[in-house]
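Taking it in order: structure first as structure tokens, then the write-up.
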Amino acid sequence: MKIVHFLYLSILVLCCQIGFSQTIWQGQYHSSRIIITGDFDSKKDSLLLSIPEMSYDGIKIGIRTEQDSIFFKNEVYNFVFKGKYNADKTAISGVFDNYSFPNAAIVLKKQSSIEPLFFSQHPKKPYPYQVIDMTFLGKNTKLTYGGTLTIPQGKKKYPLAILISGTGQHDRNYTYMGREFFTVLADYLARNGIASLRVDDRGIGKTTGDFQTATTGDFADDIDAQIAYLKSDKNIDASYIGLIGHSEGGMIASIVSSRNKDVKFMISLSGVGVSGLEMLNLQNTAILKSYNFSDKVVAKQMEMYNIMFNVVYNTKDGESAQPAMEVKLKEWMQKQDSTTLKEVQLLDGRDQTFLYRYGKDADRKWYRYTIHYKPENYLPKITIPVYIANGDKDIQVPAIENINSFKKYLGTKDLTTKIYPNLNHMYQHCKTCTQNEAKEIDEVFAEEVLADISKWILSRYKK
């Protein structure tokens with residue numbers, strides 16, 4: 001069982017190159033594109049199927065056509081599709097069946113090129129606001145930042161929010177599984193008179209720097225650099241700048257808000273309000289429970305995890321935690337019976353796999369920084385208006401404990417907190433609310449949260 005710490009999100013990209021001269025039919029089922037290369041009406045016996053998000057690339061499929069009906073299959077991968085053309089033969093509606101997509105209703109549309117994943121909340125051009133892509137230099141960090149500034153149309157004065165993504169390396173749109181979290185947020189804010197800046201993380205897109213060696217403290221320095229740039233540009237109204245941080249971004253927002261006097265408001269979306277050590281305990285407990293392990297197994301697993309967490313916490317900077325972890329894990333395993341070790345998945349050499357995987361993370365500068373994070377070092381210094389939000393089904397950053405810690409330590413007299421029912425960590429309405437379900441939900445960002453964020457900012461903005 002791998003220790004999960006904060007939110008790691010990733011997407012797979014299309015690995016094949018398809019010539020533009022070929023006919024492309026593309027459909028989508030949740031977070032996966034179904035791409036057919038070739039003409040269904042040609043004399044060829046087979047065409048090519050790709051599902052880039054599942055690493056299927058150029059798989060041959062047998063085709064059969066009957067008047068306006070299309071049928072294709074691949075028996076090796078168990079792909080089956082049955083559908084019908086629309087009137088002008090630019091789309092095919094049907095059912096795609098596979099182990100991963102049981103009886104999935106999809107529409108294959110004829111395209112001139114492969115399109116990115118699309119969700120209904122993603123904004124479409126023309127936009128009723130200004131969108132400015134830019135690069136700028138951080139005076140103190142010496143990094144180049146690539147970002148997108150979104151400004152309400154026809155406004156000279158406006159509140160301006162800097163959007164801060166969560167754990168992991170993300171592009172400026174905070175893209176996860178094809179969903180552009182920050183594009184949707186920026187669109188909603190702009191339509192309601194609020195500007196925003198979203199920036200590529202270090203080492204991705206047009207931002208320079210080494211992400212792997214950076215810490216949460218370094219990311220906070222990046223936000224300071226963004227604030228300094230906004231203030232220096234005479235074409236931007238930087239009189240009312242605030243921060244909106246998600247997950248680890250909420251921690252970053254807390255650090256910056258505690259020290260930068262140019263920050264006028266702070267919004268934490270599923271942000272970390274407890275210590276790093278407590279966060280690991282809360283998060284891993286919640287995730288284990290989401291897999292329906294028994295209370296006994298969860299308790300035993302967390303007993304072992306917390307021993308590991310404390311080893312890392314007490315390891316000096318610059319030293320590896322792995323030797324001490326190996327000793328402590330061996331001591332713990334010797335006290336357990338074989339049934340327990342099987343239940344926590346540490347038999348048959350899996351303890352070494354666990355030590356290798358966790359040890360690599362545990363020795364990272366970023367991990368050492370986050371595990372030593374203490375909210376009492378930052379939150380009491382924050383006196384600006386603060387909005388704290390969480391979903392009640394969040395298993396990455398459990399709501400109650402984190403919100404209570406914000407309430408305990410924040411120095412502001414203007415504090416709003418809200419726990420949203422039936423929302424997961426990414427602010428999607430969920431049913432099972434597991435990590436795996438998130439990729440099956442087409443919603444990008446719950447409308448009620450977007451509305452509350454906008455109303456709250458505008459209620460505190462004094463023109």
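In what follows, residues are counted from 1 in the order of the sequence shown. What you see is a predicted model; the values in this text were computed from it and never measured. Heavy-atom basis, side chains included; hydrogens, waters and symmetry copies ignored.
Residues passing the side chain to side chain contact (heavy atoms under 4.5 Å, CB included) test with Leu415 are Val386, Ile388, Lys407, Leu410, Thr412, Thr417, sequence neighbours excluded. In this view, Ser258 and Tyr378, Lys381, Ile382 satisfy the side chain to side chain contact (heavy atoms under 4.5 Å, CB included) rule, not counting sequence neighbours. Residues satisfying the ring pair (Phe, Tyr, Trp, His ring centres under 6.0 Å) test with His372, not counting sequence neighbours, are Tyr313. For the ring pair (Phe, Tyr, Trp, His ring centres under 6.0 Å) test, no residue two or more places apart in sequence or in another chain qualifies with Tyr420. Taking Tyr129 as the reference, Tyr127 meet the ring pair (Phe, Tyr, Trp, His ring centres under 6.0 Å) condition, with sequence neighbours excluded. Partners of Trp25 under the ring pair (Phe, Tyr, Trp, His ring centres under 6.0 Å) rule, at least two apart in sequence or in another chain, are Phe40. By the side chain to side chain contact (heavy atoms under 4.5 Å, CB included) test, Asp317 is found to be paired with no residue, residues two or more places apart in sequence or in another chain being considered.
Phe181 CZ to Gln121 CD: the interatomic distance, rounded to the nearest 0.5 Å, is 10.0 Å.
Side-chain N or O atoms of Asp200 include none that pairs as donor or acceptor with a backbone N or O of Asp171 at under 3.5 Å. One N or O on the side chain of Arg33 and one on the backbone of Glu115 form a donor-acceptor pair closer than 3.5 Å. Using a distance-only test at 3.5 Å, with no hydrogens or angles considered, a donor-acceptor pair links the side chain of Thr215 to the main chain of Gly217. The backbone N or O of Lys439 lies less than 3.5 Å from a partner atom in the side chain of Ser31, making a donor-acceptor pair. At least one donor-acceptor pair closer than 3.5 Å links the side chain of Thr207 to the backbone N or O of Gly146. Distance alone, capped at 3.5 Å, places no donor-acceptor pair between the Asp394 side chain and the Ala399 backbone. For Glu437 (side chain) and Cys433 (main-chain N/O), a donor-acceptor pair under 3.5 Å exists by modelled atom type.
Listed by first then second residue, pairs satisfying salt bridge (Lys or Arg N to Asp or Glu O under 4.0 Å) with a partner in residues 282-299 read Lys296-Glu343, not counting sequence neighbours. The salt bridge (Lys or Arg N to Asp or Glu O under 4.0 Å) pairs that include a residue from residues 303-313 are Lys300-Glu303, where partners are two or more places apart or lie in different chains. Every pair passing salt bridge (Lys or Arg N to Asp or Glu O under 4.0 Å) that includes a residue from residues 444-454 is listed here, sequence neighbours excluded: Lys418-Asp452. Residue pairs satisfying the ring pair (Phe, Tyr, Trp, His ring centres under 6.0 Å) criterion with at least one member in residues 184-206, sequence neighbours excluded, are absent.
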List, one per line, each side-chain donor-acceptor pair under 3.5 Å for residues 92-110, sequence neighbours excluded.
unit_1 : atom_1 : unit_2 : atom_2 : d
Asp97  : OD1    : Asn103 : N      : 2.9
Asn98  : OD1    : Ser100 : N      : 3.0
Asn98  : ND2    : Tyr77  : O      : 3.0

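For the pair Ser454 and Leu189, the tightest heavy-atom approach, listed with the atom from each and the gap, is OG-CD2, 3.7 Å.
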Stepwise side-chain contact (heavy atoms from CB on, under 4.5 Å) check, Lys60 with Leu48
CA-CA 5 Å; Lys60 287 187 176 181; Leu48 299 179; 3.9 Å; yes
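Taking the six-membered ring wherever Trp is involved, the centroid distance between the rings of Phe211 and Phe219 falls below 6.0 Å. Residues Phe119 and Phe445 place their aromatic rings such that the two centres sit no closer than 6.0 Å.
For Tyr305 and Thr285, the side-chain atoms include no donor-acceptor pair closer than 3.5 Å. Using a 3.5 Å distance cut-off with no hydrogens or angles, the side chains of Thr183 and His122 do not pair a donor with an acceptor.
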